[in-house]
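Report on one structure; see the data block that follows.
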Number of protein chains: 2
Amino acid sequence: MSGKMNLKQLAEHLQLSPTTVSRALNGYPEVKEATRLRVEAAARAVGYSPNAWAKGLATGRAMAIGHVMPVSKSHEMVNPVFGDFITGASEAYLRAGYDMQLTLVDDEDEAMRYRNLRRRGLVDGIIVHAPLPADERIALLREIGLPFVVHGRASELPDDYAWIDMNNRRAFERATEHLLALGHRRIALVNGPERQDFALRRREGVLTALAAQGIEADPALLSSGEMTERLGYTATREMRALPDPPTAIVAASMVVALGIWRALRDEGVTLGREVSVVAHDDDLGYLRNGGDVPVFTATRASVRDAGRRAAEMVLEMIRDPSCAPLQTLIEAELILGQSTGRAPS
Amino acid sequence: MSGKMNLKQLAEHLQLSPTTVSRALNGYPEVKEATRLRVEAAARAVGYSPNAWAKGLATGRAMAIGHVMPVSKSHEMVNPVFGDFITGASEAYLRAGYDMQLTLVDDEDEAMRYRNLRRRGLVDGIIVHAPLPADERIALLREIGLPFVVHGRASELPDDYAWIDMNNRRAFERATEHLLALGHRRIALVNGPERQDFALRRREGVLTALAAQGIEADPALLSSGEMTERLGYTATREMRALPDPPTAIVAASMVVALGIWRALRDEGVTLGREVSVVAHDDDLGYLRNGGDVPVFTATRASVRDAGRRAAEMVLEMIRDPSCAPLQTLIEAELILGQSTGRAPS
DNA sequence: TTGAAAGCGATACCAC
DNA sequence: GTGGTATCGCTTTCAA
């Protein structure tokens with residue numbers, strides 16, 4: 001019933017040629033409607049599904065998209081948004097009949113892996129995650145000739161490839177503007193790892209907002225690192241020890257914000273009074289599920305949406321390889337909460 | 001150089017037969033060492049890698065493991081541990097030359113997807129994520145005859161399949177014991193979704209510890225749902241409104257704990273004095289990166305490790321299909337922090 | 001509208 | 001040790 005049954009056997013069973021059965025199953029127009037129905041019914045009945053390897057070999061198409069995620073040998077965190085992103089992507093793949101292949105690569109042998117992916121023919125397209133400002137993979141993939149979409153951007157490279165990205169720069173600019181409007185002048189940033197492109201853009205956004213008010217950024221108020229609670233904690237303690245500590249802090253993620261809160265609590269400082277905190281949330285969907293949290297600038301749902309759109313973009317590029325590079329910029333929501341207050345006078 | 005080049009062409013180039021080249025590249029013993037070296041050098045030089053489809057068709061092996069993750073149509077969260085788990089798994093696959101195929105399925109058409117995976121021959125084995133207490137997939141996969149390892153367990157089913165799991169029951173039992181030892185008697189649990197097996201086990205752990213002290217659980221102190229900040233917040237507010245509110249709370253995750261903290265803060269309650277909080281952390285690795293946080297019972301690193309071991313288990317099962325079901329139980333660490341204190345007298 | 005047969009690119013059996 | 005060749009299961013001309 002559901003055992004092994006191949007096209008040839010199915011064809012014999014139906015008293016038809018493999019050719020016709022294949023055509024019927026793949027929606028070719030030249031097959032008679034009655035025949036098609038008969039074939040489809042039989043296929044369903046015996047639980048036939050084509051052997052993917054034979055199909056791939058014959059067609060040259062993989063019907064699969066590769067997601068490639070760099071993971072340092074060192075214990076770097078896997079960004080929690082990753083799960084949401086691929087959830088969205090898989091929705092699109094499901095609809096289109098594509099599979100998703102996941103490859104985690106060490107930074108070192110990345111190039112080789114891509115070439116392999118291509119030559120082995122396992123994927124028809126690729127989504128590149130976590131790009132660096134001058135990411136080499138972009139040139140590499142173009143050379144290889146595999147359609148690809150970058151989740152994020154490589155700011156130092158010419159903007160002529162396909163990408164989908166949150167407007168990190170603008171989101172952090174707005175968050176900072178918000179704090180400035182509340183009268184804050186000593187505004188700190190606890191940022192993600194600044195070798196990553198997204199973190200650089202976030203930093204730019206903060207600096208832009210400050211500059212617009214004629215404030216020059218104090219390097220002592222700019223911190224960055226892996227987005228952990230520890231980062232938030234230590235950065236805050238250090239900044240609080242400054243002669244002129246910050247009155248407001250922009251946090252790169254809720255996890256970081258948690259560390260900040262702990263640090264402030266340990267110093268007996270009241271959140272929203274002596275110090276205001278604004279956090280970007282792309283990691284845990286507090287907002288969508290939650291209530292009156294601090295300031296947030298992206299929602300979990302939008303990450304999933306980004307994944308879906310990224311997937312649709314690659315599929316489109318596969319369909320029409322000659323099309324101009326698709327680019328999608330997603331604006332973050334800005335939502336205010338209770339942990340921000342006016343600057344103390 | 002890196003263009004298309006197949007075995008036959010490589011063989012011609014080398015003045016050898018495809019057979020020999022294939023053998024040389026696949027480490028067959030009967031090929032002369034000198035020949036092997038020559039072939040390998042040439043393969044590297046021209047950038048040859050075998051076509052995966054042809055290979056799969058010829059060998060019948062997919063050299064890929066499928067990870068199947070159920071995702072409800074509704075906006076259920078993707079558990080953040082997922083990213084760490086597959087990171088670990090991919091390390092093992094990389095070493096063994098396997099690929100990872102990711103399939104996210106709606107609850108409904110799961111069965112079909114598994115059958116498809118099998119028939120299309122895309123994977124040699126499967127890792128099942130997020131099992132339910134009486135998960136049907138286990139019977140299904142066994143019937144299909146595909147080697148599989150469950151990440152988690154299905155408590156209501158006979159324990160005769162391969163799994164890897166954290167000892168959730170014991171972890172929560174110990175956390176509760178800790179609170180009991182501090183003199184707490186009104187102990188609340190804010191749990192994950194209890195249709196999931198892991199959440200059920202956690203609940204059992206808490207109840208066991210309470211029962212051991214002759215305390216019967218108050219249903220009003222047992223809350224469960226999606227592990228969001230909102231859950232922690234609302235559950236805490238509701239419990240605090242009880243005539244006899246809890247003096248200690250066990251939280252299913254750090255995210256939930258965050259909501260609890262917010263709720264307590266909003267009520268002007270001091271953490272660790274009036275109310276103690278103990279949180280399970282399998283999501284964000286505070287511990288590994290962090291400092292004196294509350295009580296934690298699992299670390300991020302251990303999730304990654306679990307992924308690696310799960311992968312090794314499937315590979316082992318593929319190697320030796322007749323072996324007894326492998327089962328791995330991982331004990332969680334228990335680490336105490338500053339947000340727990342003696343029960344107020 | 002249907003069928004016969006030639007690939008697709010590897011592996012593996014059987015000779016030599 | 002090495003080489004010829006059938007084989008895996010499907011798609012896709014080309015004929016009928």
Side-chain angles (χ1 to χ4, degrees), chain A residues 3-40 42-43 46-64 97 99 116-124, chain B residues 3-40 42-43 46-64 97 99 116-124:
Chain A
K4 289 235 109 65
M5 163 83 89
N6 62 24
L7 188 65
K8 197 198 249 176
Q9 293 167 326
L10 180 59
E12 280 166 10
H13 177 68
L14 281 164
Q15 312 260 55
L16 283 172
S17 77
T19 313
T20 304
V21 175
S22 170
R23 281 199 275 242
L25 257 24
N26 290 301
Y28 281 62
E30 62 260 43
V31 56
K32 187 164 52 175
E33 196 54 25
T35 312
R36 180 194 312 289
L37 291 174
R38 198 160 68 90
V39 171
E40 281 171 348
V46 303
Y48 167 80
S49 45
N51 178 302
W53 304 98
K55 195 162 186 160
L57 183 55
T59 60
R61 269 168 298 130
M63 296 306 283
D99 290 313
N116 259 344
L117 234 43
R118 168 55 164 180
R119 279 196 300 255
R120 296 195 308 156
L122 278 177
V123 299
D124 297 325
Chain B
K4 289 238 109 66
M5 163 83 90
N6 62 25
L7 188 66
K8 196 198 251 174
Q9 293 167 326
L10 180 60
E12 280 166 11
H13 177 68
L14 280 162
Q15 313 259 57
L16 283 171
S17 79
T19 311
T20 304
V21 176
S22 171
R23 281 198 275 241
L25 258 24
N26 289 301
Y28 281 62
E30 63 259 46
V31 57
K32 186 164 52 175
E33 196 54 23
T35 312
R36 181 193 310 290
L37 291 174
R38 198 159 69 90
V39 171
E40 281 171 349
V46 303
Y48 168 80
S49 46
N51 178 302
W53 303 100
K55 194 162 186 160
L57 183 55
T59 60
R61 270 168 297 131
M63 295 304 283
D99 290 312
N116 260 343
L117 235 43
R118 168 55 164 179
R119 279 194 302 254
R120 297 196 306 156
L122 279 178
V123 298
D124 297 324

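Scope of the values below: all heavy atoms of this structure, side chains included, with no hydrogens, waters or symmetry mates. Since the model is a prediction, treat every value here as computed from it, not as a measurement. Reminder, nothing fancy here: chain letters follow the sequence lines and each chain counts from 1.
For the helix from C:dT1-D:dA16 to C:dC16-D:dG1, the axis fitted to the five pairs at one end and the axis fitted to the five pairs at the other end meet at an angle of 40° (nearest 10 degrees).
Listed by chain and residue number, B:R120 satisfy the side chain to side chain donor-acceptor pair (under 3.5 Å) test with A:D99 (two or more places apart in sequence, or in another chain). Listed by chain and number, the residues in a side-chain contact (heavy atoms from CB on, under 4.5 Å) with A:E33 are A:R36, A:L37 (sequence neighbours excluded). Checked against side-chain contact (heavy atoms from CB on, under 4.5 Å), A:A58 has no partners two or more places apart in sequence or in another chain. Residues satisfying the side chain to side chain donor-acceptor pair (under 3.5 Å) criterion with B:S17, sequence neighbours excluded, are B:T20.
B:M63 has its side chain out of reach of A:L122: every pair of non-hydrogen atoms, C-beta onward, lies at least 4.5 Å apart. Residues A:R38 and A:L16 meet the side-chain proximity criterion, which asks for heavy atoms closer than 4.5 Å.
The span of DNA chain D lying next to chain A, judged by atoms under 4.0 Å from heavy atoms, is bounded 5' to 3' by D:dG9 to D:dT13. In the 5' to 3' direction, nucleotides of DNA chain C lying under 4.0 Å from heavy atoms of chain B begin and end at C:dG9 to C:dC13.
Counting only residues at least two apart or in different chains, salt bridge (charged side-chain N to carboxylate O under 4.0 Å, His left out) contacts with residues 11-25 of chain A comprise A:R23-A:E30.
Residues of residues 56-63 of chain A that place a heavy atom closer than 4.0 Å to DNA chain C, in numerical order, are A:L57, A:A58. DNA chain D is contacted by B:T35 of residues 33-40 of chain B, taking any non-hydrogen atom closer than 4.0 Å. Residues from residues 11-24 of chain A placing a heavy atom under 4.0 Å of any atom in DNA chain D, listed by number, are A:T19, A:S22, A:R23.
Taking both residues in full, the closest heavy atoms of A:Y48 and A:L7 are given as CE1-N, 3.6 Å, listed atom of the first, atom of the second, then distance. Nearest heavy atom pair, residue B:G60 against residue B:D124, reads O-OD1, 4.5 Å. Counting all heavy atoms, side chain and backbone alike, B:G121 lies closest to B:A62 at O-CB, 3.4 Å.
In this structure, A:N51 contributes its side chain and A:W53 its backbone to a donor-acceptor pair below 3.5 Å. Looking only at distances, no side-chain donor or acceptor of B:S22 sits under 3.5 Å from a matching main-chain atom of B:P18.
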